[in-house]
Colleague: 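Questions regarding the structure given below will be posed in turn.
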Amino acid sequence: MGYTKMMKKLTAAIATASTLGFANMAHAETFETAIGEIDASMTATLASDYIWRGQSQTNGAGAVQASLDFAHESGVFLGAWGSNVADEDFGGASIELDYYVGYGGAITEDISYAVSWNTYTFPQGIDAVDEWIAHVDAYGFSGGVKYAYEPQSALYTYIGYGFELPYDIGLGLHYGRTDTKDPIGASSDEDYADWAVTLGKTMLGIDWALMYSDTNLGNECTAIYVDSDSCDSNVTLSASKSF
């Protein structure tokens with residue numbers, strides 16, 4: 001895999017790891033600049049829900065999402081991502097705006113890595129969340145660690161595996177675990193798990209994804225969200241277009 005192709009794959013993996021959208025740099029435009037080659041991509045996504053770690057961020061409503069990403073040939077990348085959210089769950093904020101910057105590289109043709117700093121903001125709502133991410137791709141497997149340190153600490157570890165089925169259909173498997181460091185609601189538990197299975201295919205120039213997701217939060221969901229169904233199993237459909 002050439003370096004430019006590697007960076008496209010790498011940016012796809014790290015930029016929107018916690019969302020359903022297939023935002024990626026597969027259709028990136030490459031620019032020669034005075035500081036080197038830069039890939040740029042914009043992606044728009046329509047989804048039947050916004051799922052984050054198995055939890056609905058829109059109370060089961062649809063989501064409109066968009067991203068803008070840049071990747072320098074040195075391995076440095078940065079970008080921004082946005083989506084609507086349920087204002088009753090985010091202190092009155094109806095929009096989430098995320099910003100990230102990081103660095104990635106390839107160890108071999110089949111192994112790549114990235115580290116990034118991300119901030120998730122909710123204008124006129126709850127406080128922003130700051131997080132460090134370390135991510136690795138190797139032979140179809142992916143995994144990493146996300147450490148949120150502001151406004152409170154939480155550790156998220158995840159692993160996934162993706163492979164191609166007949167008819168150019170992609171299948172992705174995901175499992176993640178969140179350690180909140182503090183009890184969730186009235187429970188003594190400090191951690192919970194989420195998992196997902198996603199089918200993806202590109203048709204008519206659009207990236208389609210169908211995902212089944214779930215968590216084991218159960219009744220503790222009401223300690224986080226207004227709607228207790230926000231942590232239940234969910235089937236989500238999305239369509240993304242990159243420019």
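Residue numbers run from 1 in the order of the sequence given. Worth knowing before you read on, the calculation uses all heavy atoms, side chains too, and leaves out hydrogens, waters and symmetry mates. For clarity, every value in this text was computed on a predicted model and none was experimentally measured.
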Colleague: Considering only heavy atoms from C-beta outward, does the side chain of Tyr158 approach that of His174 to under 4.5 Å?
Modeller: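 In contact.
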Colleague: Please determine which of Val145, Thr178, Asp179, Asp191 meets the side chain to side chain contact (heavy atoms under 4.5 Å, CB included) test together with Thr157.
Modeller: Val145
Colleague: Apply side-chain contact (heavy atoms from CB on, under 4.5 Å) to residues Asn216 and Trp195 and explain how you reach the verdict.
Modeller: CA-CA 9 Å; Asn216 65 348; Trp195 52 91; 4.1 Å; yes
Colleague: Taking the side chain as C-beta and beyond, is there a heavy-atom pair between Trp208 and Ser240 under 4.5 Å?
Modeller: no
Colleague: If you count every heavy atom of other residues, nucleotides or ligands that lies below 6.0 Å from Asn219 atom CG, does the total exceed 12?
Modeller: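 12 or below, so no.
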Colleague: First locate atom OG of Ser94, then atom CD of Glu88, and finally report the distance between them rounded to the nearest 0.5 Å.
Modeller: 10.5 Å
Colleague: Is there a side-chain contact between Ile133 and Val115, using heavy atoms and a 4.5 Å cut-off?
Modeller: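 A side-chain contact is absent here, since even the closest heavy-atom pair is not under 4.5 Å.
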Colleague: So, Asp194 and Thr215: side-chain donor and acceptor under 3.5 Å apart, yes or no?
Modeller: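 No.
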Colleague: Would you say the side chains of Thr43 and Ser242 form a donor-acceptor pair under 3.5 Å?
Modeller: yes
Colleague: Decide if atom CD of Gln124 counts as having more than 12 heavy atoms of other residues, nucleotides or ligands within a radius under 6.0 Å.
Modeller: no
Colleague: Between the side chains of Thr121 and Asp98, is a donor N or O closer than 3.5 angstrom to an acceptor N or O?
Modeller: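 Side-chain D/A pair, Thr121 to Asp98: absent.
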Colleague: Does Val197 share a hydrophobic cluster with Leu165, counting links as ILVMFWY side-chain heavy atoms below 4.5 Å and allowing steps through other members?
Modeller: yes
Colleague: Can Arg177 be said to sit on top of Tyr192's aromatic six-ring, NZ or CZ under 6.0 Å from centre and within 45° of the ring axis?
Modeller: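 The answer is no; the distance or angle limit is not met.
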Colleague: Answer with yes or no whether the hydrophobic clustering places Trp52 together with Ile126; edges join I, L, V, M, F, W, Y residues whose side-chain heavy atoms lie under 4.5 Å apart.
Modeller: yes
Colleague: If you group Ile, Leu, Val, Met, Phe, Trp and Tyr by side-chain heavy-atom gaps below 4.5 Å, do Phe243 and Leu46 land in one group?
Modeller: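 The answer is no; the residues belong to distinct hydrophobic clusters.
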Colleague: Can you check whether Gln55's main-chain N or O pairs, donor with acceptor, with Gln57's side chain at less than 3.5 Å?
Modeller: yes
Colleague: Kindly indicate whether the side chain of Asp49, heavy atoms from C-beta on, has any atom under 4.5 Å from the side chain of Asn59.
Modeller: no
Colleague: Apply side-chain contact (heavy atoms from CB on, under 4.5 Å) to the pair Met211 and Ile51, showing each step before the final yes or no.
Modeller: CA-CA 9 Å; Met211 179 177 72; Ile51 300 298; 3.7 Å; yes
Colleague: Indicate yes or no: at least one non-hydrogen side-chain atom of Phe141 is less than 4.5 angstrom from one of Val136.
Modeller: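 They are not in side-chain contact.
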Colleague: Do Phe31 and Val76 share a hydrophobic cluster, counting only Ile, Leu, Val, Met, Phe, Trp and Tyr and linking them when any side-chain heavy atoms are less than 4.5 Å apart?
Modeller: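 No: no chain of side-chain contacts under 4.5 Å links Phe31 to Val76.
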Colleague: So, for Gly104 and Phe77, which heavy atoms are closest and what is the spacing to 0.1 Å?
Modeller: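 For Gly104 versus Phe77, the nearest heavy atoms are N-CE2, 4.0 Å.
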Colleague: Working to the nearest 0.5 Å, report the span between CG of Leu78 and OG of Ser116.
Modeller: 11.0 Å
Colleague: State, yes or no, whether a side-chain contact exists between Asp87 and Val85 at a heavy-atom distance under 4.5 Å.
Modeller: no
Colleague: Using atom types as modelled and distance alone, determine if a side-chain donor or acceptor of Thr33 lies under 3.5 Å from a backbone N or O of Glu37.
Modeller: no
Colleague: Among side-chain atoms of Tyr100 and Asp69, is any donor-acceptor pair under 3.5 angstrom?
Modeller: yes
Colleague: Thinking salt bridges, do Asp207 and Lys241 make one under a 4.0 Å N-O criterion?
Modeller: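 Looking at Asp207 and Lys241, the cut-off is not met.
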Colleague: With no hydrogens and no angle check, do the side chains of Asp130 and Thr119 hold a donor and an acceptor under 3.5 Å apart?
Modeller: yes
Colleague: For the atom pair OH (Tyr225) and OG (Ser56), what is the distance rounded to the nearest 0.5 Å?
Modeller: 8.0 Å
Colleague: I would like to know whether Ser233 and Tyr212 meet side-chain contact (heavy atoms from CB on, under 4.5 Å); could you show each step before the answer?
Modeller: CA-CA 7 Å; Ser233 60; Tyr212 170 83; 3.4 Å; yes
Colleague: Do you know which two heavy atoms are closest between Pro123 and Ala93, and how far apart they sit?
Modeller: O-CB, 3.3 Å
Colleague: Measuring from atom OG1 of Thr30 to atom CG of Asp39, what distance do you get when rounded to the nearest 0.5 angstrom?
Modeller: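 Rounded to the nearest 0.5 Å, the OG1-CG separation comes out at 3.5 Å.
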Colleague: Are a donor atom and an acceptor atom from the side chains of His72 and Tyr103 found within less than 3.5 Å of each other?
Modeller: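 Checked: His72/Tyr103 side chains show no N/O donor-acceptor pair below 3.5 Å.
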Colleague: Which heavy atom of Ala128 sits nearest to which heavy atom of Pro151, and what is that distance?
Modeller: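 So the two residues come closest at O-CD, 3.3 Å.
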Colleague: Can a side-chain donor-acceptor contact be found between Ser213 and Asn234 if the only test is distance below 3.5 angstrom?
Modeller: no
Colleague: Is it true that the NZ or CZ of Lys201 lies under 6.0 Å from the centre of Tyr167's six-membered ring and within 45 degrees of the ring axis?
Modeller: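 Here Lys201 fails the 6.0 Å and 45° test against Tyr167.
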Colleague: Give me the atom names and distance for the closest heavy-atom approach of Ala63 to Ser83.
Modeller: CB-OG, 4.0 Å
Colleague: Please state whether the rings of Tyr161 and Phe163 are parallel, tilted or perpendicular, taking 30° and 60° as the class boundaries.
Modeller: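 Tilted: the ring planes of Tyr161 and Phe163 meet at 30° to 60°.
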Colleague: Report whether Val101 and Ile38 are members of the same hydrophobic cluster (ILVMFWY, side-chain heavy atoms less than 4.5 Å apart, transitive linking).
Modeller: yes
Colleague: Can you name the closest pair of heavy atoms from Tyr156 and Gly176 and give their distance?
Modeller: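 Result for this residue pair: OH-CA, 3.5 Å.
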Colleague: Is it true that the side chains of Glu96 and Tyr50 contain a donor and an acceptor less than 3.5 Å apart?
Modeller: yes
Colleague: Answer yes or no: is there a side-chain heavy-atom contact under 4.5 Å between Ile107 and Tyr113?
Modeller: yes
Colleague: So, Tyr120 and Glu131: side-chain donor and acceptor under 3.5 Å apart, yes or no?
Modeller: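 Looking only at side-chain atoms, Glu131 and Tyr120 do form a donor-acceptor pair, the distance falling under 3.5 Å.
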Colleague: The test is side-chain contact (heavy atoms from CB on, under 4.5 Å); show your working for Val129 and Asp127 and say whether it passes.
Modeller: CA-CA 7 Å; Val129 177; Asp127 293 338; over 6 Å; no
Colleague: Would you indicate whether Leu68, at its atom CG, is surrounded by more than 12 heavy atoms from other residues, nucleotides or ligands within a distance under 6.0 Å?
Modeller: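 Yes, the 6.0 Å shell around CG holds more than 12 heavy atoms from other groups.
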Colleague: May I ask you to test the Asn84-Thr58 pair for a side-chain heavy-atom distance under 4.5 Å?
Modeller: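 When only atoms from C-beta onward are counted, Thr58 and Asn84 do touch, with a gap below 4.5 Å.
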Colleague: Given 3.5 Å as the limit, does a donor-acceptor pair link the side chain of Ser142 with the main chain of Asp137, or not?
Modeller: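 It does not hold such a pair.
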Colleague: Please round to the nearest 0.5 Å and tell me the distance separating atom CD1 of Ile95 and atom CG of Leu97.
Modeller: 6.0 Å
